[in-house]
Protein chains: 2
Amino acid sequence: MTATHDMLFRTLADPTRRAIFERLCRQGEQTVGALTAEAGVSQPAVSKHLGVLKGAGLVRDRHEGRQTHYSAQLGALAPLMDWTREMAGVWESRFDDLENLLKRMDQ
Amino acid sequence: MTATHDMLFRTLADPTRRAIFERLCRQGEQTVGALTAEAGVSQPAVSKHLGVLKGAGLVRDRHEGRQTHYSAQLGALAPLMDWTREMAGVWESRFDDLENLLKRMDQ
DNA sequence: CAAATCAATAACCCATTGGCTATTGATTAA
DNA sequence: TTAATCAATAGCCAATGGGTTATTGATTTG
């Protein structure tokens with residue numbers, strides 16, 4: 001579906017938002033406050049980004065008292081991997097090793 | 001490099017532009033005229049999109065008389081695959097089979 | 001040479017978006 | 001219960017970006 005790819009690419013296109021997502025991927029669940037401390041933008045800006053990420057299915061939120069914990073939903077990246085692989089022309093086998101793939105991708 | 005990912009995601013985020021790129025991936029080299037015929041937007045718009053794609057290294061152009069032929073540069077997708085794989089947490093082996101990967105990506 | 005075609009550029013418009021501050025609602029602490 | 005903290009929302013503003021038409025430059029064609 002084009003709409004899905006649209007949303008994924010558009011959501012990840014913003015560097016601040018992508019940085020937040022990367023952080024969640026690498027460090028696991030984080031509160032809004034923790035994310036804000038590193039984001040370099042205001043708390044409302046972070047909340048807005050998290051809202052967009054959530055809309056794209058890239059994160060999940062969990063409320064605990066007055067704080068909200070966010071975590072990455074890696075499964076949402078699948079359409080992105082599929083699309084890239086499809087564009088790269090990997091039709092032949094789902095079990096191609098990556099080295100071979102990279103070789104074919106050089107020009 | 002963040003700048004590279006930025007450019008790739010931002011370039012591919014627009015549906016019209018991504019459609020042009022997909023077309024070049026699937027059907028190979030095309031003239032601006034041929035791309036315009038299918039794009040649903042004006043020729044200048046297509047030229048602008050091609051300029052952006054070229055700036056991101058995703059396409060190459062070849063001049064032949066008064067027409068310009070564009071083709072996809074699949075190698076430019078490598079950083080995208082790397083990033084996605086990195087976020088998905090595939091560290092262990094470059095030779096992981098994709099089925100296994102997808103299994104781990106379900107949540 | 002004159003007319004037509006192809007693609008790029010210029011100049012403009014409007015919608016979207018990412019940022020901010022201020023505020024609100026909810027929860028916890030004093 | 002009053003004060004403080006956390007996160008979301010509202011409302012605003014400036015920059016960006018994708019679209020348009022008009023034009024230009026270059027190359028073919030008549």
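Proteins come first, then strands; the chains are lettered A, B, ... in the order of their sequence lines, and each starts at number 1.
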To the nearest angstrom, how far is [X] atom [atom1] from [N] atom [atom2]?
{"X": "B:I20", "N": "C:dA7", "atom1": "CD1", "atom2": "P", "value": "13 Å"}
{"X": "A:L50", "N": "D:dC6", "atom1": "CG", "atom2": "P", "value": "16 Å"}
{"X": "A:R62", "N": "D:dA8", "atom1": "CZ", "atom2": "P", "value": "13 Å"}
{"X": "A:Q30", "N": "D:dC6", "atom1": "CD", "atom2": "P", "value": "15 Å"}
{"X": "B:D6", "N": "D:dT16", "atom1": "CG", "atom2": "P", "value": "14 Å"}
{"X": "A:Q67", "N": "D:dA4", "atom1": "CD", "atom2": "C1'", "value": "14 Å"}
{"X": "B:H49", "N": "C:dA7", "atom1": "NE2", "atom2": "P", "value": "16 Å"}
{"X": "B:L53", "N": "C:dA7", "atom1": "CG", "atom2": "C1'", "value": "16 Å"}

If you compare every side-chain N and O of [X] against the phosphate oxygens of [N] (OP1, OP2), does one of them come in below 4.0 Å?
{"X": "B:T31", "N": "C:dC6", "value": "no"}
{"X": "A:T16", "N": "C:dG18", "value": "no"}
{"X": "B:Y70", "N": "C:dC6", "value": "no"}
{"X": "B:S42", "N": "D:dT20", "value": "yes"}
{"X": "A:T68", "N": "D:dA7", "value": "no"}

Same cluster or not: are A:L50 and B:M87 linked, directly or through other Ile, Leu, Val, Met, Phe, Trp or Tyr residues, by side-chain heavy atoms under 4.5 angstrom apart? yes
State which of [options] makes the closest approach to the side chain of [X].
{"X": "A:V32", "options": "C:dA8, D:dG19, D:dA7", "answer": "D:dA7"}
{"X": "B:D14", "options": "D:dT21, D:dG18, D:dA8", "answer": "D:dG18"}
{"X": "A:R17", "options": "C:dA8, C:dC6, C:dG18", "answer": "C:dG18"}

Near DNA chain D, counting only heavy atoms under 4.0 Å, which residues of residues 34-41 of chain B show up? B:V41
If you define the side chain from C-beta out and look only at heavy atoms, does anything of [X] sit under 4.5 Å from [Y]?
{"X": "A:R62", "Y": "A:T68", "answer": "no"}
{"X": "A:P79", "Y": "A:L8", "answer": "yes"}
{"X": "A:E86", "Y": "B:E22", "answer": "no"}
{"X": "B:Q67", "Y": "B:V32", "answer": "no"}

Please check if the side chain of B:R60 supplies one atom and the backbone of B:Q73 the other of a donor-acceptor pair under 3.5 Å. no
Measure from the side-chain N and O atoms of B:R18 to the backbone N and O of B:L12, and report whether any donor-acceptor pair falls under 3.5 Å. yes
When we call it a touch if two heavy atoms are under 4.0 Å apart, what does A:H63 touch: a base, just sugar-phosphate, or nothing? nothing
Could you check whether atom CZ of B:R23 has more than 12 heavy atoms from other residues, nucleotides or ligands sitting under 6.0 Å from it? yes
Starting at OG1 of A:T84, measure out to CG of B:L80 and round the result to the nearest 0.5 Å. 4.5 Å
Check if the side chain of B:K48 and the base of D:dG17 share a donor-acceptor pair of N or O atoms closer than 3.5 Å. no
Using nucleotides 23-30 of chain C, report all nitrogen or oxygen pairs with the protein that are shorter than 3.5 Å.
residue: C:dT27; atom: O2; partner: A:R66; partner atom: NH1; Å: 3.3

Taking the six-membered ring for Trp, are A:F9 and B:F9 parallel (under 30°), tilted (30 to 60°) or perpendicular (over 60°)? tilted
